[in-house]
Each structure stands twice: as C-alpha cells, then as structure tokens.
Amino acid sequence: MRFTVSSLVANAPDPVTGVRRTPQQKLHSVIEQAVLAERLGYDGYGVGERHGEPFLSPAPPVLLSAIAARTSSIRLFTTVTVLSILDPVRVAEDYAMLDQLSGGRLELIVGKGNDPRHFGLFGLPEERQWEALAENYGLLRRLWREEKVTWEGSTRPPLRDATVSPRPLQDPVPVWHGSATSTWSTDLAARHGDPLFSANAFHPLEKYRALVEHYRERWEHYGHDPKLAKVGAGFGGLYVAKRSQDAVEGFRPYWNALFDSAAGRHNNSPFASLEDALEHGSALVGSPQQVIEKIHRYHEAFGNEVVGIGVDGLTEGAQREQLELFADEVAPEIRRALP
C-alpha cells in the first residue's frame, strides 16, 4: 500500500480559533507540509486545482515545482488537474517542465473538476464538461507520446505538426483519472488502460464501490488484463487520537465547517451528523486501531493500492500531529498487512 497526502490549499478561517492565514503563510505552510510528508515516509504529495475562494490552488504546477525544489524522493500528484477547462498544449508543457525539474516524480490525476464555478470562469458550458474532458485527454496523450501531432477538435484551434517541448522525463508519465460521481470518468480511465483514483469523500462506501466496480468491468470490456487495473482511494478527513472519543470531539468542529461550506453543500452529502458520517463514510477518525480497520474495510471493497489522506482545515499544530500519528501508528500496520 502507498500513502499520499494532498491539499486543496483551502484558506478559510480556522473553525476553532477564527484565525485566517495570509495567502503567503498558507502557501508556505503547504510546502512545509510536503517536506514533512517526505520526512515521515509518505509516498506522495498532491495539490488539487481550484479557482476561487477559499482556495489558493489555481496553478498546481507552480506550487508543486516549489515543493520539488525542497524534496528529493516523494512522488508529486495533482488532485486533480481540471483538464476539461484547460488547453492540453499548455498542460503538456507545464507538467513536462515539472516532471523534468522534479527528476521524474510527477503523477497526474485528471478530471472534469468538482467545482461548478470552473466552467463559467473559463467559458465552458457545463453540459459539455465530460465531452471536453475526453477530447482534451485524448490530445494530451498524443502530445506526450508523439511528435508532429496533427489534430482537430472542438475545444481548441486545430494543430498541424505540433511537437511540445520539453518532453516529460518519464515515458510515459503515470496518469490517473479522478472519480467522484459519474461513470464517464470510470469508462474513460478503463478505455485508455489508466488507473482510477476515487474521491471517496462525501458519500457512503456503496456509491464509490459501484464506480470502482464499473471501472473494473469496463477495463475487461476494453480488453485489458484484469490483474493490471489499479485503484487509489481518498478518504474524507483524518483525526487520530489514543482515545476514540477524543478523536471524534477533536474533529467535530472541522467536520461541521466542511459540511456547512459551499463544497459540502454542492456534493449533496446524505450524512445527517458526524456520527452518521463516521459509521457510513470514509473519514478516518478514531483510535489508530479503528482507523486501521476502516482502511482494511475499504480495501476489501475497492482493492485499492493507494490511500490518500488530507488534513486541510486543521490548525498547523494539529496537521503535523495527525501526519505524525498516522505515519507512526497506522501506515506501518497497513503496509505489513498489504505490502
């Protein structure tokens, strides 16, 4: 099992202290968190793409390049790159640069995005989001695999004998497909023989299990070896404490703030309370043993090879404490059981 940490660089006021960091403070704290994650033995660090408040992550390749300069081995993820609204030529160039600068540590996760504000901001009709994602991804694949690409489509002007430079250092760059709500993404991943990363945050296990099962079914439909299908899974929050009661009460204000936010409302989560979310959802909140058992339960459902966690929203001290506790008391047990 591999473990990754990711951030959407949300910069809202702390729900406990009311303190809101400056943009510079928040961005530097993300870089320091990635450095800490590498030191603690996590396998990857991811930055998500969002446009508009409270997020400070409109340009993941810029922030990941700063992280690359401070780290040496941790894999660098995008969680996700909103490819439906972006020019594939620009994406190919920006992320090839990041791959070169990082020594070949990039793992791209692409998706249509989970924020409806993206589409109007970049002039994309929301009803075309899936069509645009599939078309843009097809072009991105060609730009990273071919030279003198000639292409014509509906999302950007035609290309004639186009070759992007530099090329990525890796050949090819690993590309995952972010999956949250629709079988469009699971089918696209399976069609191209790419791995799937389930968001797995706002809804019960069964909803995401159905999407993972659809991915595996379509994988075989497209003629791929079932043994080569690969799945990663995010989890909807992290708060570990020696006593489970302390973990629940420690996490409660952060859960309340998240589910009262615009993102929480947009995702139409069915959970009525924190207790309901902990029983039926993926949040890793409780004693180390409870968190270990929940990770195993989701692995039985998904067959995932990657566990993605995040500590956005917590105070600086709590973020460090949670990453250290997870690395010391949870990750080693999971790695022993699921090497």
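Not measured: the values here are computed from a predicted model.
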Which word best sums up how the rings of F251 and Y254 line up, parallel for under 30°, tilted for 30 to 60°, or perpendicular for over 60°?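 Ring orientation, 0 to 90° scale: tilted.
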
Parallel under 30°, tilted from 30 to 60°, perpendicular over 60°: which one fits the rings of W176 and F197?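 Perpendicular, since the angle between the ring planes exceeds 60°.
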
Spatial distance of atom [atom1] ([X]) from atom [atom2] ([Y]) [nearest 0.5 Å]:
{"X": "E107", "Y": "T79", "atom1": "CD", "atom2": "OG1", "result": "12.0 Å"}
{"X": "H280", "Y": "F271", "atom1": "NE2", "atom2": "CZ", "result": "8.0 Å"}
{"X": "L108", "Y": "T78", "atom1": "CG", "atom2": "OG1", "result": "4.0 Å"}
{"X": "D99", "Y": "D94", "atom1": "CG", "atom2": "CG", "result": "12.5 Å"}
{"X": "E249", "Y": "S244", "atom1": "CD", "atom2": "OG", "result": "10.0 Å"}
{"X": "F122", "Y": "R117", "atom1": "CZ", "atom2": "CZ", "result": "11.5 Å"}

So which pairs with a foot in residues 143-152 pass salt bridge (charged side-chain N to carboxylate O under 4.0 Å, His left out), sequence neighbours left out?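 The answer is R142-E146.
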
Taking [X] first and then [Y], would you say they form a salt bridge - that is, a charged N and a carboxylate O separated by under 4.0 Å?
{"X": "E131", "Y": "K112", "result": "no"}
{"X": "R297", "Y": "E300", "result": "no"}
{"X": "D225", "Y": "K227", "result": "no"}
{"X": "E206", "Y": "R209", "result": "yes"}

I'd like to check H299 versus V307 (side-chain heavy atoms, cut-off strictly below 4.5 Å). Are they in contact?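 In short, these two side chains do not touch, never coming nearer than 4.5 Å.
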
Quick one: do L76 and L101 end up in the same hydrophobic cluster if we chain Ile, Leu, Val, Met, Phe, Trp and Tyr together by side-chain heavy atoms under 4.5 Å apart?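 The answer is no; the residues belong to distinct hydrophobic clusters.
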
Joint hydrophobic cluster, V291 plus L338, side-chain heavy atoms closer than 4.5 Å: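 Yes; L338 is reachable from V291 via cluster members.
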
Please check: side-chain N/O of [X] versus main-chain N/O of [Y], any donor-acceptor pairing under 3.5 Å?
{"X": "Q319", "Y": "L314", "value": "yes"}
{"X": "Q322", "Y": "V240", "value": "yes"}
{"X": "S282", "Y": "G236", "value": "yes"}
{"X": "T71", "Y": "S73", "value": "no"}
{"X": "K294", "Y": "A283", "value": "yes"}
{"X": "Y208", "Y": "A233", "value": "no"}

Under the ring pair (Phe, Tyr, Trp, His ring centres under 6.0 Å) test, residues paired with W144 that sit two or more places apart: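 Ring pair (Phe, Tyr, Trp, His ring centres under 6.0 Å) list for W144, sorted by chain: empty.
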
Report, one line per pair, each donor and acceptor closer than 3.5 Å where one atom sits in a side chain of residues 154-161; sequence neighbours left out.
from: S154; atom 1: OG; to: R128; atom 2: NH2; distance (Å): 2.7
from: S154; atom 1: OG; to: E135; atom 2: OE1; distance (Å): 3.0
from: S154; atom 1: OG; to: E135; atom 2: OE2; distance (Å): 3.3
from: T155; atom 1: OG1; to: E135; atom 2: OE2; distance (Å): 3.1
from: T155; atom 1: OG1; to: N136; atom 2: OD1; distance (Å): 2.7
from: R156; atom 1: NH1; to: D87; atom 2: OD1; distance (Å): 3.0
from: R156; atom 1: NH1; to: D87; atom 2: OD2; distance (Å): 2.9

Within a reach of under 6.0 Å around CE of M1, are more than 12 heavy atoms found that belong to other residues, nucleotides or ligands?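 Yes, enclosed.
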
Within a 6.0 Å radius of atom CD on Q245, are there more than 12 heavy atoms belonging to other residues, nucleotides or ligands?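 Yes, because the 6.0 Å sphere around CD of Q245 holds more than 12 heavy atoms from other groups.
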
side-chain hydrogen bond (donor to acceptor under 3.5 Å, both in side chains) with Y137: which residues, sequence neighbours excluded?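 side-chain hydrogen bond (donor to acceptor under 3.5 Å, both in side chains) check on Y137 returns R141, D194.
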
side-chain hydrogen bond (donor to acceptor under 3.5 Å, both in side chains) with R320: which residues, sequence neighbours excluded?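 For R320 there are no side-chain hydrogen bond (donor to acceptor under 3.5 Å, both in side chains) partners, ignoring immediate neighbours.
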
Should R336 and E333 be marked as a salt bridge (charged side-chain N to carboxylate O under 4.0 Å, His left out) after you check the CA-CA gap, both sets of side-chain angles, and the distance that decides it? CA-CA 5 Å; R336 275 192 283 271; E333 295 299 321; 2.3 Å; yes

Criterion side chain to side chain donor-acceptor pair (under 3.5 Å) on H214 and T186, from CA distance to verdict: CA-CA 7 Å; H214 180 263; T186 51; 2.7 Å; yes

Show the nearest heavy-atom pair for residues I31 and A66, with the distance to one decimal.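 Heavy-atom minimum between the residues: CD1-CB, 3.8 Å.
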
Minimum heavy-atom distance G250-P253, with the two atoms named: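 It is O-CD, 3.7 Å.
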
Provide the full list of side chain to side chain donor-acceptor pair (under 3.5 Å) pairs with a residue in residues 43-53, sequence neighbours left out, each pair given once.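 Qualifying pairs: Q33-Y45, D43-R335, E49-H51.
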
